[in-house]
Amino acid sequence: GAVVSQHPSWVICKSGTSVKIECRSLDFQATTMFWYRQFPKQSLMLMATSNEGSKATYEQGVEKDKFLINHASLTLSTLTVTSAHPEDSSFYICSASNDETGLGEQYFGPGTRLTVT
Amino acid sequence: GENVEQHPSTLSVQEGDSAVIKCTYSDSASNYFPWYKQELGKGPQLIIDIRSNVGEKKDQRIAVTLNKTAKHFSLHITETQPEDSAVYFCAATGNQFYFGTGTSLTVIP
C-alpha cells in the first residue's frame, strides 16, 4: 500500500515553455501533498504544501507564479513549471499524506527529472 | 524553527557489518521521526519511523532509537548487504517536516 506515482519520470523542454508534472496517490486518499526539489547530492527542499481544494502554501523564496500547484482531488496534485529556464532543471519529487496536519507519514513518488535546454 | 543535523555524510562498511547514522534535532515539540532510503534517480522510500512516545523500534535488520532528552535519534542497520547502499535521510516533524542532509552509505562486498 501507500503507492505514489509521478508522471513523467523524465522530461526535456526548451527554455520558455511550461511543463506539467502529475503526482497521484494510487491506493489512498491524500489530504495533503508536498512538492520538493532536490539538487544533486543534496537533501530535499520543500517547495510547497497543498491540501485538496485549497490554495497551496509556498515556502519562502519559492515563486508561486512560476511553480503553479493544483490539488484538484484527493488523489491528484500537479506542479506546473511556467516559462522554464535552465536554472529550473532539477529533480522534482512529490509526496502524499493522509494525515490532515501534514505531519505524519509521507509517501514519496519516484521523482521527475526536468532538464531545460 | 527546527534544525536537523545528520552524521556522517558518507559511510562505508564491509558487507555483514553494522551501520549507524545519527541525527539531532532542536525543537523539543518534534514528535515524529521517520527515516528514508533513496536510491539513485528514485524518490525516497520510508523504511522505518518512530514516535516520541517510543524509545526504540525494530524491523528485521533495521532499528531506530530515540533519546528525547538528548534530542537525538539513530538508524541502525545490521548485517549490511550491498543492496543497502543508498542515501539515507532522517526527518523530524514538529510544526513542519524537516529533513536531515543525508548520509551516503556504501556497503562493500
Side-chain angles (χ1 to χ4, degrees), chain A residues 1-11 21-26 28 32-50 57-62 79 90-115, chain B residues 1-11 21-25 27-54 57 59 64 75 85-106:
Chain A
V3 178
V4 177
S5 70
Q6 273 183 250
H7 178 80
S9 57
W10 187 25
V11 56
I21 303 170
E22 292 186 350
C23 177
R24 293 181 185 272
S25 57
L26 299 184
F28 68 103
T32 309
M33 284 187 166
F34 306 84
W35 286 95
Y36 294 85
R37 185 172 180 176
Q38 187 178 35
F39 292 102
K41 298 187 178 181
Q42 293 191 22
S43 189
L44 291 83
M45 182 188 78
L46 180 65
M47 299 174 65
T49 303
S50 72
T57 301
Y58 290 81
E59 296 299 302
Q60 192 172 10
V62 178
L79 167 68
S90 191
F91 194 49
Y92 291 88
I93 309 172
C94 72
S95 71
S97 172
N98 58 7
D99 183 326
E100 290 184 356
T101 67
L103 301 177
E105 293 89 341
Q106 287 188 31
Y107 300 96
F108 285 83
T112 296
R113 183 159 303 284
L114 170 63
T115 302
Chain B
E2 176 67 277
N3 180 35
V4 179
E5 295 188 357
Q6 184 171 344
H7 299 281
S9 57
T10 59
L11 178 61
I21 303 170
K22 298 181 179 180
C23 286
T24 61
Y25 62 98
D27 187 353
S28 57
S30 292
N31 54 20
Y32 175 60
F33 308 92
W35 284 91
Y36 291 89
K37 175 184 180 182
Q38 186 178 26
E39 297 177 341
L40 190 63
K42 297 183 179 180
Q45 178 186 12
L46 178 68
I47 55 172
I48 196 167
D49 56 12
I50 193 168
R51 296 191 181 273
S52 59
N53 58 348
V54 177
K57 184 176 179 181
D59 182 4
V64 55
L75 176 71
S85 297
V87 178
Y88 292 81
F89 292 97
C90 65
T93 61
N95 61 354
Q96 195 173 358
F97 224 84
Y98 294 92
F99 283 90
T101 49
T103 297
S104 178
L105 172 65
T106 301

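In what follows, chains are A, B, ... by sequence order, proteins preceding strands, each numbered from 1. Note that the coordinates shown come from a computational prediction; the quantities given were computed from them, not determined experimentally.
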For B/L46, what residues pass the side-chain contact (heavy atoms from CB on, under 4.5 Å) criterion, not counting sequence neighbours?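 Counting only residues at least two positions away or on another chain, B/L46 forms a side-chain contact (heavy atoms from CB on, under 4.5 Å) with A/E105, A/Y107, B/Y32, B/P34, B/Y36, B/D49.
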Which one, A/Q6, A/Q38, A/R113, leads in non-hydrogen pairs under 4.5 Å with chain B? A/Q38
For the residue pair B/F97 and A/Q106, establish whether any side-chain heavy-atom pair is separated by less than 4.5 Å.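 Yes; the side chains approach each other to less than 4.5 Å.
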Gap between atom [atom2] of [Y] and atom [atom1] of [X] - 0.5 Å precision:
| X | Y | atom1 | atom2 | result |
| --- | --- | --- | --- | --- |
| A/L44 | B/F89 | CG | CZ | 5.5 Å |
| A/K41 | B/T101 | NZ | OG1 | 14.5 Å |
| B/Q38 | A/S43 | CD | OG | 8.5 Å |

Using the side-chain hydrogen bond (donor to acceptor under 3.5 Å, both in side chains) criterion, which residues pair with B/W35? Sequence neighbours excluded.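 Listed in chain order: nothing, the list is empty.
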